[in-house]
K.L.:
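One structure, pasted below without further comment.
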Amino acid sequence: MAAQGIRGTFVDFVDDPWRHVGDEQAATRFFRDGLLVVEDGIVVDHGPAEEVAPRHPGLPITEIRDRLILPGFIDGHIHVPQTRVLGAYGEQLLPWLEKWVFPEERRYSDPGYALEGTRRFFDTLLASGTTTCQAFTTADPAFTRVVFEEATRRNMRIITGVTAIDQNAPEWFTRSPEAFYDAATELIAEFHGVGRNLYAITPRFAYGASPALLETCRRLRDEHPGVWVHTHISENPSEIAGVLALHGGSADYLGVYEKYGLVGERFTGGHGVWLSDDELRRMSEAGAAVTFCPCSNLYLGSGLFRLGKVTDPERRVLTSFGTDMGGGNRFSMLNVLEDAYKVGMLNNTLLDGSVDPSRQNLAEAERNKLSPYRAFYAITRGSAEALYIDDRVGSFDIGREADFVVLDWTGGPPAAAWHASLYTDGRGPETLDEAAELLFAIMMVGDDRAVAETWVAGQRTYARDGA
Ligand code: GUN
Ligand code: ZN
């Protein structure tokens with residue numbers, strides 16, 4: 001396919017802003033008048049338009065004005081078959097699963113329902129600016145195949161796999177370790193590394209897995225060392241108590257997954273709200289990742305994830321951000337940033353030393369604050385690094401897949417445009433400072449109406465205004 005250019009204002013990240021406390025701009029790249037050159041869905045050139053354009057005479061160029069262009073958002077942890085059940089009333093994790101989630105997910109064994117739900121899922125992701133996700137399906141291999149096929153049809157990057165669950169769920173929802181092994185083996189052969197698909201061995205959670213099922217996960221990992229591992233960890237106190245009762249030999253939640261050789265690079269545990277300092281240290285050393293899911297952690301009342309702890313430079317834990325939709329009641333990573341910001345502020349009340357000086361921790365409190373630099377790094381390059389796909393997505397580096405989102409700082413409630421005009425008098429950003437102010441306005445006041453366009457591998461696949 002011939003090369004094409006996209007000209008506009010670009011923001012992306014070259015490093016982790018938490019490594020640049022006090023000078024986060026050093027981790028950021030900003031071209032007020034930039035040009036992105038894409039060929040066969042891949043970024044082949046990027047920089048200031050006046051430098052890049054002369055290198056590509058005759059290049060057809062799409063001009064995008066009065067917008068901010070960022071790498072497509074990455075959702076590190078989401079559930080395809082919960083698309084219709086988000087916003088369910090009244091329960092915390094375990095009764096919520098029993099009452100709302102398992103019955104809804106069962107419906108995806110009907111092929112027509114599976115296809116309809118999966119299409120609605122991807123349509124809503126794209127309308128939210130999310131171009132890559134690491135997703136749960138169910139224990140049903142046919143439905144998992146539908147998800148891979150639909151992602152393939154849209155040429156979207158996805159990490160997913162058939163779910164392993166054989167305990168603590170209704171009999172009609174579980175599958176034996178042997179059935180799981182056969183399904184996973186077949187799906188890995190068919191989809192892993194094919195197009196933009198990546199496969200994850202996906203034990204739902206240790207509470208739903210017998211030792212034999214986790215042993216099967218280990219066997220799959222040994223047989224396919226290149227695949228990913230995706231699960232839940234330390235989300236809710238009742239769940240944790242259940243895990244320790246079920247897997248008596250392990251001292252803590254992480255220890256269960258360690259026992260079966262699952263914790264290492266390309267491992268993600270969703271939530272991790274209650275991980276101890278020692279578990280975080282072990283994850284850091286193993287190169288394993290956690291996903292911060294603030295919408296879900298608040299919605300299900302699971303707890304306050306300590307961002308300032310996982311970003312401790314002495315013990316940095318790779319961290320993606322995720323909606324966990326439908327445990328989270330939103331599809332949009334902008335809502336994730338909004339709630340993550342509020343969680344940071346609440347955690348800082350807990351770290352305030354006014355009442356109890358022993359709780360004061362100024363360094364952690366500083367890291368809890370979700371600046372726009374940290375925020376948009378976290379849902380682009382940061383999540384890509386945590387998922388070990390930063391060589392493919394998450395930035396505008398040369399060679400990356402050209403997934404990007406076009407943001408409109410006036411998109412949101414009726415007063416959003418007026419609010420944003422507080423920073424730049426209604427004009428576009430001229431400096432990175434101004435761009436950061438508009439990005440903060442988008443994450444705190446805007447919503448998915450701020451997503452004007454979403455592009456996947458160099459093709460526009462969503463336009464808010466229907467253009
Ligand atoms: N733990 C096991 N299954 C689930 C799920 O579907 N959602 C969340 N949030 N936690 C889980
Ligand atoms: Zn989840």
Side-chain angles (χ1 to χ4, degrees), residues 75-88 90-108 117 121 133-140 143-144 147 159-170 173-175 200-210 213-214 217 228-243 246-247 253-254 256-257 267-275 289-303 305 319-331 333 336 339 383 387:
D75 192 328
H77 180 100
I78 190 168
H79 295 256
V80 182
Q82 294 177 16
T83 296
R84 200 178 182 188
V85 82
L86 80 175
E91 307 291 348
Q92 294 205 347
L93 178 64
L94 297 179
W96 169 79
L97 286 171
E98 292 279 344
K99 180 173 175 183
W100 296 107
V101 173
F102 295 152
E104 170 62 16
E105 293 195 1
R106 183 186 197 184
R107 304 174 82 173
Y108 282 74
F121 171 84
C133 65
Q134 178 169 244
F136 273 80
T137 63
T138 65
D140 182 347
F143 167 49
T144 306
V147 174
I159 306 172
T160 192
V162 71
T163 309
I165 180 164
D166 72 342
Q167 304 274 296
N168 286 316
F173 199 73
T174 58
R175 298 274 166 120
I201 299 165
T202 310
R204 188 159 191 147
F205 57 164
Y207 186 61
S210 67
L213 190 64
L214 292 172
C217 292
W228 274 244
V229 179
H230 183 203
T231 187
H232 293 89
I233 194 166
S234 273
E235 176 176 0
N236 165 288
S238 310
E239 173 216 11
I240 298 166
V243 167
L246 186 60
H247 299 277
Y253 203 136
L254 184 71
V256 180
Y257 296 135
F267 169 97
T268 298
H271 303 276
V273 176
W274 300 98
L275 289 169
V290 66
T291 311
F292 182 17
C293 304
C295 299
S296 171
N297 297 342
L298 294 171
Y299 191 75
L300 296 178
S302 302
F305 181 82
T319 304
S320 58
F321 280 33
T323 57
D324 189 42
M325 188 289 306
N329 58 322
R330 301 287 178 199
F331 259 92
M333 294 303 292
V336 167
D339 281 354
S383 283
L387 295 175

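Position 1 is the first residue of the sequence; numbering continues from there. Whatever order the structure lists ligands and atoms in, that order sets their numbers, starting from 1.
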K.L.:
Just which atoms of ligand 1 are under 4.0 Å from any heavy atom in L97?
P.N.:
2 (C), 3 (N), 4 (C), 5 (C), 6 (O)
K.L.:
Flag C293 as yes if one of its N/O/S atoms falls below 2.8 Å of the Zn ion (ligand 2), otherwise no.
P.N.:
no
K.L.:
Do any N/O/S atoms of H79 come under 2.8 Å of the Zn ion (ligand 2)?
P.N.:
yes
K.L.:
Starting from atom 9 (N) of ligand 1, find the nearest protein heavy-atom neighbour and note its residue, name and distance.
P.N.:
D324 OD2, 2.7 Å
K.L.:
Ignoring hydrogens and geometry, is there a side-chain-to-backbone donor-acceptor pair from T137 to P81 under 3.5 Å?
P.N.:
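Not a single qualifying donor-acceptor pair exists.
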K.L.:
Can you find a non-hydrogen atom of Q82 under 4.0 Å from ligand 1?
P.N.:
yes
K.L.:
Take F121 and I78, measure what side-chain contact (heavy atoms from CB on, under 4.5 Å) needs, and give me the verdict at the end.
P.N.:
CA-CA 10 Å; F121 171 84; I78 190 168; 3.6 Å; yes
K.L.:
How far is atom 6 (O) of ligand 1 from its nearest protein heavy atom, and which residue and atom is that?
P.N.:
R204 NH2, 2.7 Å
K.L.:
List every atom of ligand 1 that sits less than 4.0 Å from any heavy atom of H271, numbering the atoms from 1 in the order shown and giving each element.
P.N.:
9 (N)
K.L.:
Within ligand 1, which atoms have a heavy atom of L93 less than 4.0 Å away?
P.N.:
8 (C), 10 (N), 11 (C)
K.L.:
Short list, please: which atoms of ligand 1 are under 4.0 Å from a heavy atom of F205?
P.N.:
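So the answer, numbered in order with elements, is 1 (N), 2 (C).
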K.L.:
Please report whether ligand 1 has a polar contact with W96, defined as an N or O pair separated by less than 3.5 Å (distance criterion only).
P.N.:
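For ligand 1, there is no N or O atom that lies under 3.5 Å from one belonging to W96.
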K.L.:
Under the side-chain contact (heavy atoms from CB on, under 4.5 Å) rule, what do Q167 and T174 come out as? Steps first, then yes or no, please.
P.N.:
CA-CA 7 Å; Q167 304 274 296; T174 58; over 6 Å; no
K.L.:
Restricting to N, O or S atoms of H77, which is nearest to the Zn ion (ligand 2)?
P.N.:
NE2
K.L.:
Which protein heavy atom lies closest to atom 10 (N) of ligand 1, and at what distance to 0.1 Å?
P.N.:
E235 OE1, 2.7 Å
K.L.:
Decide whether Q134 and T268 meet the rule of one side-chain donor and one side-chain acceptor closer than 3.5 Å.
P.N.:
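Distance-only check passes for Q134 and T268.
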K.L.:
Report the relative orientation of the aromatic rings in H232 and H79; use parallel for angles under 30°, tilted for 30 to 60°, perpendicular for over 60°.
P.N.:
parallel
K.L.:
Taking S383's backbone N and O only, do any of them form a donor-acceptor pair with S320's side chain (distance below 3.5 Å, no angle check)?
P.N.:
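Answer holds: no.
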K.L.:
Taking the ring of F136 and the ring of H77, is the distance between their centroids below 6.0 Å?
P.N.:
yes
K.L.:
For the 3.5 Å polar cut-off, considering only N or O atoms, please tell me whether E105 and ligand 1 meet it.
P.N.:
no
K.L.:
Would you check, one step at a time, whether the test side-chain contact (heavy atoms from CB on, under 4.5 Å) holds for D324 with Y299?
P.N.:
CA-CA 10 Å; D324 189 42; Y299 191 75; over 6 Å; no
K.L.:
Please name the atom of D324, limited to N, O or S, that comes nearest to the Zn ion (ligand 2).
P.N.:
OD1
K.L.:
What part of E239, side chain, backbone, both or neither, has a heavy atom within less than 4.0 angstrom of ligand 1?
P.N.:
neither
K.L.:
Test side-chain contact (heavy atoms from CB on, under 4.5 Å) on T323 and M333; report intermediate values, then the result.
P.N.:
CA-CA 7 Å; T323 57; M333 294 303 292; 3.8 Å; yes
K.L.:
Angle class for the F292/F321 ring planes (parallel below 30°, perpendicular above 60°, tilted otherwise)?
P.N.:
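Ring orientation of F292 relative to F321: perpendicular.
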K.L.:
Could you tell me which atoms of ligand 1, counted from 1 in the order shown, lie closer than 4.0 angstrom to a heavy atom of H79?
P.N.:
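Under 4.0 Å from H79, ligand 1 has these atoms: 5 (C), 6 (O), 7 (N).
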